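I have placed the structure first, in the form of structure tokens, so that the comments after it can refer back to it.
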Amino acid sequence: MPEREVYFDHNATTPLHPEVKAVMAEAMECYGNPSSLHASGRRSRAMVEQARERVARFINASPEEIIFVGSGSEANNTVLSVLSCPSGHCTCGVKRGRGILTTRIEHPCILETSKCLSDRGVPVTFCAVDSFGKVSMKELEEAVTDKTGLVSVMMANNEIGTIQDIKTIAKLAHEKGALFHTDAVQAVGKIPVDVKDLDVDFLSLSGHKIYGPKGIGALYIKKGVAFCSLIRGGHQEQGRRAGTENTIGIVGLGKAVEMRAAEMAEETVRLGKWKEVLRAGIEKDIPDVRFNGHPHDCLANTLNVSFEGVEGEAILLYLDLEGIAVSTGSACASGSLDPSHVLLATGVPVEDAHGSIRVSMGRDNTEGDVQYLLKKLPAIIQRVRGMSTAYAGRSK
Ligand SMILES: Cc1ncc(COP(=O)(O)O)c(C=O)c1O
């Protein structure tokens, strides 16, 4: 049995907040369909609308600008696909036949949807980023043209934590007549997000990254922007997402954002301090490391580090034996051992990309957790490097 159980994988998913769990348990008693006109339906409708108000308030939107969807991935797929929909029958008013501009470090749900749309003839451009993972403004400026229909840039990166200057990028997109979407799945609940100040047209968020339930997300669609539905066949969510609402998930998401509003500021300061402790400790005790991501414009909870001459998966497994959960930079969602596309896009050499881990802290972590990782990691790296021909070769 390990000495301690430490969960450092909050960017993958978070545990349910106890208060979220409590309201979800209550909501389970209320089974009416929110579209039904009887009392049970009206009770469910009231719960859904209260959650919508909470989500809207949290990002400074109006409730009618929020639709609930099944996940962050669905929100992202919806924006890209609806804006590229070739249907000639639809009367939604979406401008058609224009291209998409995005970046090389987006989440796979943006990258793969973009590639799929490109195969179907939609012009797609993937912009480069610099060594810190910041979008190259010069390249972006050159790439956005009057043929660009949508610019989609993530607010904060899930692997390295780099935060983009969304306000400036949205302005640039608008100046060229394009709409702007941001995947804010990793940003909402970790940094303040104000859709009016940022002036974005679309924003995606997800419940399970903010101590809410899995399988629920929300999409902000600015008032007045022409849009329709990816999932058709029902009037739900203002006709923009068919399907009976996931009432319990929606209630959970509503409570999750309320709790974030109360806890986020203090937590950011606390996790930011521990991240510096972690970084300094690793630098002091382990040679040949490189830290990935932006040194300042970065999520306070996220530390991505490469260890020369080793495989991230080996580190992950040894840490797991000690009770510590982290993730590797590789495309773990697909079970692939390919090096991370995000690290490669920032110019990290393939070998170093293979040897990287992501530590993502959260609300339940303690300073003792950080010290425990610092106690265990040096010996693990030494052990894994001892077995590595690549590292032995390098040190000669
Ligand atoms: C940046 C980013 N976008 C989108 C998603 C997908 O969200 P969901 O798991 O809710 O589909 C994730 C999840 O890892 C993410 O980190």
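These values consider heavy atoms only, across backbone and side chains, with no hydrogens, waters or symmetry-generated copies. Just so you know, ligand 1 is whichever comes first in the structure, and atom 1 is the first atom listed for that ligand. All values reported here derive from a predicted model rather than from experimental measurement.
Close contacts between ligand 1 and Gln186 involve ligand atoms 1 (C), 15 (C), 16 (O) [criterion: under 4.0 Å to a heavy atom]. Near Met154, meaning under 4.0 Å from any of its heavy atoms, are these atoms of ligand 1: 1 (C). Atoms of ligand 1 found under 4.0 Å from any heavy atom of Ser206 (numbered from 1 in listed order, with element): 8 (P), 10 (O). The ligand atoms of ligand 1 that sit less than 4.0 angstrom from a heavy atom of Ser71 are 10 (O), 11 (O).
Of the N or O atoms in Asn11, none lie within a sub-3.5 Å distance of an N or O in ligand 1.
With distances taken over non-hydrogen atoms, the option nearest atom 4 (C) of ligand 1 out of Asn158, Asn77, Asp183 is Asp183. Heavy-atom proximity to atom 8 (P) of ligand 1, evaluated over Gly70, Gly72, Ala184, is greatest for Gly72.
Geometrically, Arg240 does not engage Phe227 in a cation-pi contact, judged by NZ or CZ lying under 6.0 Å from the ring centre and within 45° of the ring axis. For the pair Arg104 and Phe126, the cation-pi test (distance below 6.0 Å, angle within 45°) is failed.
With respect to atom 15 (C) of ligand 1, the closest heavy atom belonging to the protein is His107 CD2, 3.3 Å. The nearest protein atom to atom 13 (C) of ligand 1, hydrogens excluded, is given as Lys209 NZ, 2.8 Å; this is a heavy-atom distance.
Residues Asp201 and His174 bring a donor and an acceptor atom of their side chains to less than 3.5 Å of each other. If you check the side chains of Thr168 and Asp165, you find a donor sitting under 3.5 Å from an acceptor.
Within the structure, ligand 1 has His208 among the residues with a heavy atom less than 4.0 angstrom away.
Contacts between Ser73 and ligand 1 below 4.0 angstrom, taking non-hydrogen atoms only, involve backbone and side chain alike. Counting heavy atoms closer than 4.0 Å to ligand 1, residue Glu74 contributes nothing at all.
No path of Ile, Leu, Val, Met, Phe, Trp and Tyr side chains, each step under 4.5 Å between heavy atoms, connects Ile248 with Met259, placing them in separate hydrophobic clusters. In this structure, Phe132 is not a member of the same hydrophobic cluster as Phe291, with clusters built from ILVMFWY side-chain heavy atoms closer than 4.5 Å. In the hydrophobic clustering of this structure, Ile163 groups with Leu203; members are Ile, Leu, Val, Met, Phe, Trp, Tyr whose side-chain heavy atoms approach within less than 4.5 Å, directly or through other members.
Considering OG1 of Thr162 and CG of Asp297, their distance stands at 8.0 Å, rounded to 0.5 Å.
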